[in-house]
Amino acid sequence: MSLLEVTNLGISFGGLRAVDEFNLSIEQGELYGLIGPNGAGKTTVFNMLTGIYKPTDGMIYLDGKNVTGKKTADINKAGVARTFQNIRLFGDQSVLDNVKIGLHNSFEYGTATGIFRLPKYFATEKEMDKKALEILSVFGLDSSADILASNLPYGKQRELEIARALATNPKLLLLDEPAAGMNPNETRDLMNTIALIRKEFGVTILLIEHDMKLVSGICEKLTVLNFGRVLAQGKTSDVLNDPEVIKAYLGE
Amino acid sequence: MGFLTYLINGLSLGSVYAIIALGYTMVYGIAKMLNFAHGDVIMIGAYVVFMCMANSGMPAVLSIVISIVCCTALGMIIEKIAYKPLRKATNLAVLITAIGVSYFLQNMALMLFGSNPVSFTSVIKWQGISLAGGALKITGNAIITIITCVVIMIVLMWFVKNTKPGQAMRAVSEDKEAAILMGINVNATISLTFAIGSGLAAIAGALLCSSYPSLTPYTGSMPGIKAFTAAVFGGIGSIPGALIGGLLLGIIEILAKAYISSQLADAIVFAVLIIVLLVKPTGILGKQIKEKV
Amino acid sequence: GSDKAATGGESVDTSGELTWRIGGIGPITGGAAQYGQGVMNAIQLAVDEVNEAGGINGYNISFNFQDDEADQQKSVNAYNTLKDWGMQILEGTVTSGAGQAVSAETYADRMFMLTPSASSTDVTSGHDNVFQVCFSDPNQGKVSADYIKDNELATKVGVIYDSSDPYSSGVYQTFAAEAQAIGLEIVATEAFTADSKTDFTTQLQKCKDAEADLLFLPFYYTEGSIVLTQANQMGYAPVMFGVDGFDGLLSVENFDVSLAEGVYLLTPFAADAEDEATKNFVSKYEEQFGGTPNQFAADAYDGVYILKKALESAGLTPEASAEEICEALIAEIQKVSYDGLTGEGMSWNDKGEVSKAPKAVIIKDGAYASVD
Amino acid sequence: MNLYKNLNKSTQKLLVTIGVIVVLYIVMSVMESTGNLSSLMKGLLVPVCAYSLVAVGLNLCVGYLGELSLGHAGFMCVGAFSSAFFSRVFQETIPDVPRFILALVIGTAMAALFGFLIAIPVLRLRGDYLAIVTLAFGEIIKNVINVMYIGKDSKGVHFSIKDQLSLGMDIDGKMLINGPQGITGTPRQSTFTIAVLLLILALVVTHNFVNSRTGRAVKAIRDNQIAAETVGLPVTKYKLVAFTISAAIAGLGGVLYAHNINSLTATTNNFGYNMSIMILVYVVLGGIGNFSGSVIAAVVLTMLPELLRGLSTYRMLIYSIVLIVLMLFNWAPAILKWRDDHGLTTAAILGKFKKKEVQ
Amino acid sequence: MLEVKDLIVNYGVIQALKGISFEVNEGEVIALIGANGAGKTTTLQTISGMLQPTSGQVLLEGVDITKIPGHKIVSMGMAHVPEGRRVFPGLTVLENLKMGAYTRSNKKEIADAFERVYESFPRLKERQNQLAGTLSGGEQQMLAMGRALMSQPRIILMDEPSMGLSPIYVEEIFNIIQEISKAGTTVLLVEQNAKKALAIADRAYVLETGNIVLSGDAKTLMNDDSIKKAYLGE
Ligand SMILES: Nc1ncnc2c1ncn2[C@@H]1O[C@H](COP(=O)(O)OP(=O)(O)OP(=O)(O)O)[C@@H](O)[C@H]1O
Ligand SMILES: Nc1ncnc2c1ncn2[C@@H]1O[C@H](COP(=O)(O)OP(=O)(O)OP(=O)(O)O)[C@@H](O)[C@H]1O
Ligand SMILES: [Mg+2]
Ligand SMILES: [Mg+2]
């Protein structure tokens with residue numbers, strides 16, 4: 001059974017059919033790419049997968065469970081985490097706290113325990129710190145743990161967003177243009193990091209990206225969206241050589 | 001007949017709220033600040049009209065013109081001294097300063113004009129019309145206020161939509177820094193907004209006190225709060241919304257007094273406001289911008 | 001001590017010399033400032049007169065007035081400020097709400113308190129040290145109802161009152177109780193609040209629809225002037241009957257006094273009365289402060305002389321402590337009878353209430369005229 | 001280990017604040033017992049603590065939940081009236097100390113309850129719409145209290161929302177709540193000691209709260225609600241929790257206030273929007289999200305008009321100017337920069353508090 | 001045309017620019033490249049008057065514009081495509097473009113500008129009446145470019161114009177930049193895509209943590225080994 005199974009997904013904004021008859025199936029452990037021209041509907045697909053938009057049609061199954069139209073928070077609890085095209089960090093909090101917020105649902109203690117600082121508070125906080133630092137170290141961010149998130153350079157902010165998403169212990173990680181605004185070297189580092197987290201955290205990854213080096217370098221499979229519809233789907237090398245895709249997206 | 005009478009009373013009260021709300025919404029819409037001192041500028045405007053008319057015997061129209069000039073200047077001075085330095089600070093800081101300015105204007109008026117109420121002579125001499133053989137009276141004040149309100153609303157809407165400064169205002173309200181990149185003088189635009197808002201306050205003051213003729217240094221504060229409520233009711237930032245919000249607020253207030261309880265009328269007005277906002281979270285005409293993710 | 005520094009600039013600087021220290025509390029800023037300022041000015045006037053005439057038992061008065069913005073907590077603060085200054089007698093507060101809070105303090109401290117205008121019984125009740133110069137609310141409410149009934153002013157009465165104000169609703173409640181007792185029919189009871197006190201058209205309309213031929217209006221003249229204007233605009237002309245808060249109506253600047261024609265009010269004081277005392281007071285007041293004094297001011301002015309009389313007959317000197325003065329005055333004030341601007345033969349019972357003949361006046365030709 | 005240093009920094013600040021409060025408390029107490037404290041100051045001690053409490057409560061809402069409330073005086077009002085009512089009803093039947101403890105609990109709980117009930121609809125709104133609805137709720141509370149008449153006589157308790165007359169009480173009856181005349185004769189049990197203890201308690205509670213798991217979540221929701229949802233935070237629940245705690249603390253301030261004054265009425269100035277705005281002034285002037293700052297601002301701004309009494313009618317005029325100047329001094333970017341350049345930071349002025357730091 | 005002298009810019013205690021100097025001649029395309037956080041955005045913002053430098057000077061055609069407010073600089077003929085696009089989210093695409101022509105008053109010229117922008121970005125024409133805030137990331141980027149072009153500037157500053165654009169459009173955008181340049185507009189270009197930027201630029205400057213570490217002819221730099229390694233990913 002696939003980890004993610006999407007059938008006939010569609011959404012309209014007023015008269016605009018942004019996504020239509022979208023089908024997608026991702027196996028456990030895959031690294032999957034979603035590409036397509038600007039305004040094709042890629043981010044919109046992410047928004048539907050994470051419950052930010054309610055799809056007008058279609059079904060989304062995660063691990064066999066129907067999550068269509070569920071609340072964003074519940075979808076996260078079911079195992080989907082994401083990053084955003086326009087970075088959305090908790091800017092006024094430290095790097096460490098950003099990750100600890102991601103850990104929120106994995107470590108429990110009640111509000112009263114926190115207010116009255118019962119022993120459980122100290123124990124849990126300590127564990128959370130440890131775990132958070134562990135995740136941060138994957139990105140080399142552990143040394144910046146107590147900097148305000150908004151003071152990080154742009155590229156580091158993107159990585160912190162990934163770290164925060166990973167902290168929620170997802171089965172499926174959605175990355176929206178993780179390499180935007182990075183130079184080729186930084187992009188290469190990012191590729192390594194993505195490969196590493198797949199291995200270490202055992203997550204399945206679906207990513208949107210316009211940087212073809214990254215896409216062809218790490219994605220095993222691709223879906224190409226064009227005007228809200230699937231243009232091509234399949235193994236990366238096949239898709240990238242598809243003349244339709246070249247015409248609509250890659251150019252040359 | 002009773003109902004119609006109440007409805008008309010409500011309209012005339014509402015039109016006063018509406019005209020104040022227009023000033024609120026104008027400033028809020030562009031500068032994104034709640035100018036809590038707006039009600040007090042209205043009070044000053046009313047005093048100026050009063051001084052001109054009662055003390056110097058000037059005609060009403062001239063008095064209002066003088067008052068508009070004074071209030072416009074006052075608005076721009078306030079903006080320059082108290083709000084402009086806080087342009088880059090949080091909106092809340094400006095809100096608090098506005099409260100300080102409001103206290104200042106009230107106490108300044110207390111010094112200048114004394115605490116005793118003065119009775120305001122209506123700027124409108126027209127007695128109004130009688131319908132249904134005198135059973136239904138609409139006062140001249142009410143008619144003129146409503147007409148003024150609608151005219152101002154139309155002019156403002158036209159101004160914002162079709163003139164260069166109006167265009168600049170819209171850009172500033174969206175994103176101040178990006179507006180600079182368009183070549184828009186943000187400071188001048190905000191000053192202009194204040195000037196217009198304060199000029200409107202002068203007209204509002206004259207009309208407010210014509211309908212409710214007792215003027216004290218604190219005359220502006222309560223209508224100010226009510227008008228702010230009205231502006232939110234209609235969808236803050238929306239010019240026609242301010243008109244509709246004001247009128248509705250007036251009508252609800254009067255009908256609640258008339259048919260439910262005059263003791264609880266304020267509570268009822270606010271309860272209706274809450275219900276409306278729960279159904280329509282951005283007010284009646286407010287546009288709901290869904291954040292693009 | 002440093003009198004001058006602590007006072008509101010209202011004190012008489014007596015530089016170290018032994019004086020009576022009389023304090024006053026009332027709103028001189030905020031929405032009720034017009035009532036407090038009248039009181040402050042009138043006390044100042046009386047104090048100056050007394051001092052010029054040789055003081056009380058040979059000692060001058062120092063006077064210190066503190067602002068309370070008509071707020072209870074601020075009123076207590078004002079009271080404490082006056083205590084720090086060394087106040088021996090309090091002539092205040094101006095408003096009832098503040099009076100309720102301060103009277104508990106003066107009672108505990110054993111400070112004599114004479115309020116010119118806080119008319120609520122909550123101010124005096126249970127506090128043996130508190131006395132009123134003005135009529136108490138029940139008194140006004142009751143007398144008004146009786147007066148209307150006895151003089152057959154109306155058969156159907158409408159009431160409009162301020163339901164957020166202790167004074168107004170206090171008068172209303174006793175009026176309503178008395179009306180019920182004597183069989184005066186109240187056909188409409190409408191309220192307004194501090195938050196909506198500019199538009200009375202609805203309340204008036206409802207009274208009109210109920211065919212009330214008299215409106216009982218127990219509130220202040222600021223709102224009174226609007227009610228009269230709006231009733232006139234509606235073409236509704238019942239008998240208007242105000243209480244002491246209505247006094248001041250005629251001196252509202254630019255007010256069209258013809259609108260007040262025929263308004264009854266129960267005031268102990270009329271600024272255009274012909275007696276010497278009133279003429280003297282009014283002319284001095286106008287000269288010093290501008291504007292015509294109202295009943296608040298007159299009560300406050302009387303208050304100083306009442307204190308003077310009581311202190312003189314008790315034979316006290318300022319050497320006595322506030323407590324001693326308090327105990328002496330409590331006994332003494334119940335014995336004195338005083339003829340002042342606001343009444344002849346005023347006397348006090350042990351509840352702190354004044355007994356003076358309430359004068360109903362009617363406004364005629366833009367002036368107060370005695371009805372009897 | 002940066003982490004511990006970090007944790008300590010905000011705790012350190014809390015300890016400094018508490019230390020300062022304790023020192024002030026001792027100084028005041030000594031001065032009082034030796035008769036060196038003026039009546040004015042003595043009279044202000046409890047109200048200042050009460051206002052500080054409400055400001056701390058509101059700061060939780062404004063600074064951490066990120067929502068502007070213009071109705072916190074309403075919660076103060078609920079706390080004040082419910083507790084004062086309780087104290088009046090059981091004045092003769094329950095001994096002083098347990099009664100006051102119960103009054104504190106009841107006032108706080110009622111405010112919390114109202115906060116909770118109001119939050120459910122309110123928190124669906126955003127920004128200024130939320131602000132106006134809180135203002136509306138505050139005004140409704142005030143308005144309703146002004147028409148409540150409750151009296152007790154030999155036949156039991158009577159209730160009306162019209163007037164005293166319609167209670168139809170016996171002659172021996174006594175009014176518990178008398179409409180706009182409010183509640184008279186509340187036992188005066190708020191002492192400075194209790195007030196200071198409660199203030200410290202509130203500071204500790206709020207500090208611990210914002211530095212706990214829930215507090216972090218609340219801050220996350222403030223910073224970016226959509227992101228908070230995508231990391232699985234139950235947004236509504238935590239907003240409710242924060243708003244309720246905030247209301248409860250304001251209610252606690254109300255209890256103190258009510259038990260310090262003989263007569264309790266609900267007016268625009270003490271429990272209406274004017275007071276809500278005043279409290280907001282404390283919060284913004286003291287620093288959004290800075291609890292100690294709220295306390296300092298509440299103290300300074302409550303004292304200021306009292307200290308200006310010598311100016312008579314100019315008092316409030318000067319006060320308003322000082323307020324504007326203080327705001328500019330504390331918030332205007334240009335002045336902040338100038339202050340930075342001249343070492344006149346708030347930190348330098350207050351000793352060791354820092355303006356913006358990681359909590 | 002544009003000259004920057006010893007520019008120092010601070011954010012509080014952080015010094016983002018440490019005294020950089022460079023110049024842009026009339027008609028040139030100049031690329032400014034550098035890693036994340038090097039100070040590229042800061043440089044552009046200081047030139048267009050959005051930031052005040054601690055010290056140093058910016059000269060536009062010999063006129064010192066360091067102290068001139070940003071909006072006046074625009075009317076002197078400078079346009080700036082900001083980082084993060086900064087479109088007016090609540091206005092429609094059409095209204096956004098109109099704002100771009102705010103400093104213009106000649107109706108004919110504005111109409112021409114519209115035509116040119118719609119020609120370069122047909123997507124914008126399709127979406128004329130859509131609120132800008134609801135556009136996709138790439139569409140917003142096009143709008144930001146189009147809006148800047150509406151003022152028909154003589155010099156244009158662009159902050160990562162290709163960010164978030166699909167490959168086909170990245171090509172397109174660089175073509176457009178070349179066209180703009182050919183039409184006589186001077187271009188100062190900040191890009192992460194250094195390879196493409198250098199390919200169309202005349203000269204380039206390399207920024208590293210607030211300092212210019214290298215400069216020269218674009219073609220030469222493209223073959224520079226250290227550049228290749230650090231910025232071209234080769
Ligand atoms: N809330 C909305 N209202 C109206 N239109 C929308 C909304 N959200 C997205 N759209 C439109 O839907 C289309 C798809 O947008 P989406 O953001 O998914 O594109 P994308 O594939 O992510 O593009 P890019 O690569 O440029 O980010 C776009 O044309 C966009 O304008
Ligand atoms: N508002 C700010 N406050 C504090 N520091 C800032 C601010 N803006 C930028 N910085 C810092 O200044 C330095 C230069 O930033 P700048 O944005 O100019 O870099 P850049 O070269 O444009 O990087 P990028 O490629 O990420 O856009 C960075 O270290 C950054 O962290
Ligand atoms: Mg996208
Ligand atoms: Mg940049």
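Side chains included, hydrogens not; waters and symmetry mates left out as well; all remaining heavy atoms used. Protein chains get the first letters and strands the later ones, always in sequence-line order, with residue 1 at the start of each.
The environment of CD in C/Gln288 is crowded: more than 12 heavy-atom neighbours from other residues, nucleotides or ligands sit within 6.0 Å. Within 6.0 Å of atom CD in C/Gln180, 12 or fewer heavy atoms from other residues, nucleotides or ligands are found, so the atom counts as exposed in its surroundings.
Only the side chain of C/Gln203 comes within contact range of chain B, with heavy atoms under 4.5 Å apart. Looking at C/Thr201, both its backbone and its side chain come within 4.5 Å of chain B, counting heavy atoms on both sides. Contact annotation for B/Glu253: only side-chain heavy atoms (C-beta onward) come within less than 4.5 Å of a heavy atom of chain C. In this structure, chain C has no heavy atom under 4.5 Å from any part of B/Gln106. Using a 4.5 Å cut-off between heavy atoms, C/Tyr221 contacts chain B through its side chain alone, with no backbone atom that close. In this structure, the portion of B/Thr216 lying under 4.5 Å from any heavy atom of chain C is its side chain and not its backbone. No part of B/Ser261 comes within reach of chain C, as not one of its non-hydrogen atoms sits under 4.5 angstrom from that chain. With a threshold of 4.5 angstrom between heavy atoms, C/Tyr161 approaches chain B through side-chain atoms but not through N, CA, C or O. The part of B/Leu13 that comes within reach of chain C is its side chain, from C-beta onward, which places non-hydrogen atoms under 4.5 angstrom from that chain. Residue contact with chain B, scored on non-hydrogen atoms closer than 4.5 Å, involves the side chain of C/Gln230 exclusively. Residue contact with chain B, scored on non-hydrogen atoms closer than 4.5 Å, involves the backbone and the side chain of C/Asp199 alike. For B/Phe50, the part sitting under 4.5 Å from any heavy atom of chain C is the side chain, from C-beta outward, and nothing else.
Atom CD of C/Gln233 and atom OG of B/Ser12 lie 9.0 Å apart (nearest 0.5 Å). Interatomic distance, B/Leu264 CG to C/Ser163 OG, rounded to the nearest 0.5 Å: 8.0 Å. If you take CE on B/Met222 and NZ on C/Lys197, they are separated by 10.0 Å, rounding to the nearest 0.5 Å. Separating the CZ atom in C/Phe192 from the CD atom in B/Gln263 is a distance of 12.0 Å, to the nearest 0.5 Å.
When the candidates C/Thr193, C/Asn294, C/Asp209, C/Asp162 are compared by the number of heavy-atom contacts under 4.5 Å with chain B, C/Thr193 comes out ahead. Most heavy-atom pairs under 4.5 Å with chain C, from the set B/Ser214, B/Gly10, B/Pro223: that is B/Ser214.
Of the possible polar contacts, none joining the B/Tyr212 side chain to the C/Ile226 backbone as a donor-acceptor pair under 3.5 Å is found. In this structure, the side chain of C/Lys206 engages the main chain of B/Ala258 through a donor-acceptor pair within 3.5 Å. With B/Lys226 contributing its side chain and C/Asp195 its backbone, the two residues share a donor-acceptor pair below 3.5 Å.
A donor-acceptor contact closer than 3.5 angstrom is absent between the side chains of B/Ser119 and C/Asp256. For the residue pair B/Asn116 / C/Tyr35, no side-chain donor-acceptor distance below 3.5 Å is found, with atom types taken as modelled.
When every heavy atom of B/Asn9 is checked against every heavy atom of C/Thr202, the shortest pair comes out as ND2-N, 4.4 Å.
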Exercise for review: Let me see the working for B/Ser115 and C/Gln37 under side chain to side chain donor-acceptor pair (under 3.5 Å), right down to the final yes or no.
Suggested key: CA-CA 8 Å; B/Ser115 57; C/Gln37 291 196 346; 2.9 Å; yes
Point to revise | Working for side chain to side chain contact (heavy atoms under 4.5 Å, CB included), residues C/Glu253 and B/Asn55 | key: CA-CA 10 Å; C/Glu253 197 179 340; B/Asn55 294 5; 3.9 Å; yes
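In this structure, the side chains of C/Asn254 and B/Phe120 stay at 4.5 Å or more apart for every pair of heavy atoms.
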